[in-house]
Number of protein chains: 2
Amino acid sequence: MMDRRNFIRKSAIAGTTALLLPEIVKAALPESRNDRHYLAKGETILFQGDSITDRGRSRKEEDLPNDQRQLGSGYPLFAAANILANNPEKELKIYNRGISGNKVFQLADRWEKDCIALKPDVVSILIGVNDFWHTKTGGYTGTVTTYAVDYNKLIADTLKALPNVKIVILEPFIIQGGSALDSTWESDFAPYRDAAKKVAEDYDLSFVPLQLVFNEALKKASAAYWGPDGVHPSFAGAQLMAQAWSKCIQ
Amino acid sequence: MMDRRNFIRKSAIAGTTALLLPEIVKAALPESRNDRHYLAKGETILFQGDSITDRGRSRKEEDLPNDQRQLGSGYPLFAAANILANNPEKELKIYNRGISGNKVFQLADRWEKDCIALKPDVVSILIGVNDFWHTKTGGYTGTVTTYAVDYNKLIADTLKALPNVKIVILEPFIIQGGSALDSTWESDFAPYRDAAKKVAEDYDLSFVPLQLVFNEALKKASAAYWGPDGVHPSFAGAQLMAQAWSKCIQ
């Protein structure tokens with residue numbers, strides 16, 4: 001018993017403020033960010049994107065808000081779990097409509113059905129890795145300019161249809177050291193990240209700098225821990241994304 | 001744009017300390033609890049229990065620590081996500097070996113293989129609802145005394161085999177208003193909760209009072225939100241459990 005008792009005594013000394021405060025996210029995101037959105041009663045939150053967002057979500061339940069199968073097993077699930085546990089009185093509705101393989105023009109193709117029709121109050125978008133990746137592996141001929149122009153138009157159209165919507169742009173990112181990346185990714189993918197950031201700035205949107213978050217995370221553990229292929233986060237990486245996202249939406 | 005800008009200005013006023021602090025858990029658990037365990041490098045954490053713990057975990061990957069499929073989709077997943085995101089440098093190993101339908105004697109039957117052999121540093125146990133439920137629906141003839149005696153022996157055997165293990169007892173709970181409960185549950189299940197608490201007290205173990213947590217949660221939203229059948233938490237309920245658990249293990 002003595003070991004446990006000693007242990008308990010030691011533990012009691014530490015404060016309680018560190019509880020659940022995500023160290024990596026705190027290091028990556030300055031506390032002064034002024035783009036926080038506090039959820040109001042009855043709001044609808046939509047996650048949009050590619051496979052990182054999709055993560056095996058069930059299409060059968062896609063019209064059931066807050067359904068675990070509908071949300072998949074990636075960062076939307078972890079973000080939703082946190083939001084729903086912390087805001088039970090708000091009667092929120094959370095949807096995931098990410099689709100694996102999507103590039104920004106494919107979001108545009110299905111935007112009326114998979115965004116506007118849901119009348120979201122918050123739209124969270126993570127798109128861009130396939131706009132680059134598929135030029136290397138899929139014969140896709142779009143450039144970073146295509147990405148920037150398409151993304152710009154998507155946001156303009158969204159704000160036209162839903163003038164009061166809060167849009168959160170998640171920075172496309174890579175996890176250095178991942179097995180799917182070669183040496184060209186670091187330099188060649190950077191312009192896509194810059195383009196996503198510029199869209200957020202131009203339209204005064206919230207922006208979650210996920211590349212910073214993962215760069216910070218990589219100081220503590222390798223890509224094998226955060227996302228073995230460098231593109232798709234592990235669930236520890238997904239939780240990190242959810243924590244970063246929660247700095248914008250609470 | 002004006003709406004969004006106004007919104008952003010208002011949001012910036014609120015402090016950052018509320019970030020991710022779980023309101024319900026704070027209300028249910030006093031800050032002075034002295035049973036916190038800070039995880040050390042290389043520690044192994046084991047979740048044990050019944051269907052609430054199992055939640056569809058894959059048996060195929062059960063020897064792969066930190067594997068999302070192995071962890072299932074319940075509170076062990078959400079607790080593990082938080083632990084792994086917040087402790088990347090610690091090289092922790094997290095396992096889930098919950099099995100649906102288990103009563104405490106069934107944990108004992110497989111304890112050598114599914115607990116002792118894993119040499120855990122932390123064992124988290126949630127067991128008891130079936131010890132009661134199956135007397136009503138499954139023809140099981142064990143009583144609350146059977147439960148208390150078996151649970152006592154399980155803990156004694158565990159501490160004999162693993163003298164330095166930290167054991168966390170999760171209080172068995174019901175979510176009032178759930179569809180699987182009838183009016184007898186409130187009074188007849190209470191002795192099982194008391195028995196679990198007494199085991200924790202007798203052996204100086206950490207205890208997570210989940211009934212308090214769910215009672216607090218029910219002030220904000222109904223069983224439909226936290227666990228429709230009153231026994232199995234929704235993922236919002238699972239996240240709440242993980243938050244409560246995280247007050248003992250960080």
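Sequence lines set the chain letters: A, B, ... in the order given, protein chains first and strands last, and positions in each chain run from 1.
When the shell of 6.0 Å around NZ of A:Lys90 is examined, it contains more than 12 heavy atoms from other residues, nucleotides or ligands.
At a 4.5 Å heavy-atom cutoff, the contact between A:Ala80 and chain B is made by backbone and side-chain atoms alike.
Between B:Ala236 and A:Ala85, the shortest heavy-atom contact is O-CB, 3.8 Å. The two residues B:Trp226 and A:Pro88 have their closest heavy-atom pair at CZ2-CB, 3.3 Å.
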Full working for side chain to side chain contact (heavy atoms under 4.5 Å, CB included) between A:Asn82 and B:Gln243 = CA-CA 9 Å; A:Asn82 200 49; B:Gln243 289 175 341; 3.6 Å; yes

When you look at B:Phe235 and A:Leu71, which way does the side chain to side chain contact (heavy atoms under 4.5 Å, CB included) test go after all the steps?
-> CA-CA 11 Å; B:Phe235 78 103; A:Leu71 287 162; 3.3 Å; yes

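The backbone N or O of A:Leu84 sits nowhere less than 3.5 Å from a side-chain atom of B:Gln239 that would complete a donor-acceptor pair.
Within the 4.5 Å cutoff, the side chain of B:Gln68 has heavy atoms near those of the A:Ser73 side chain.
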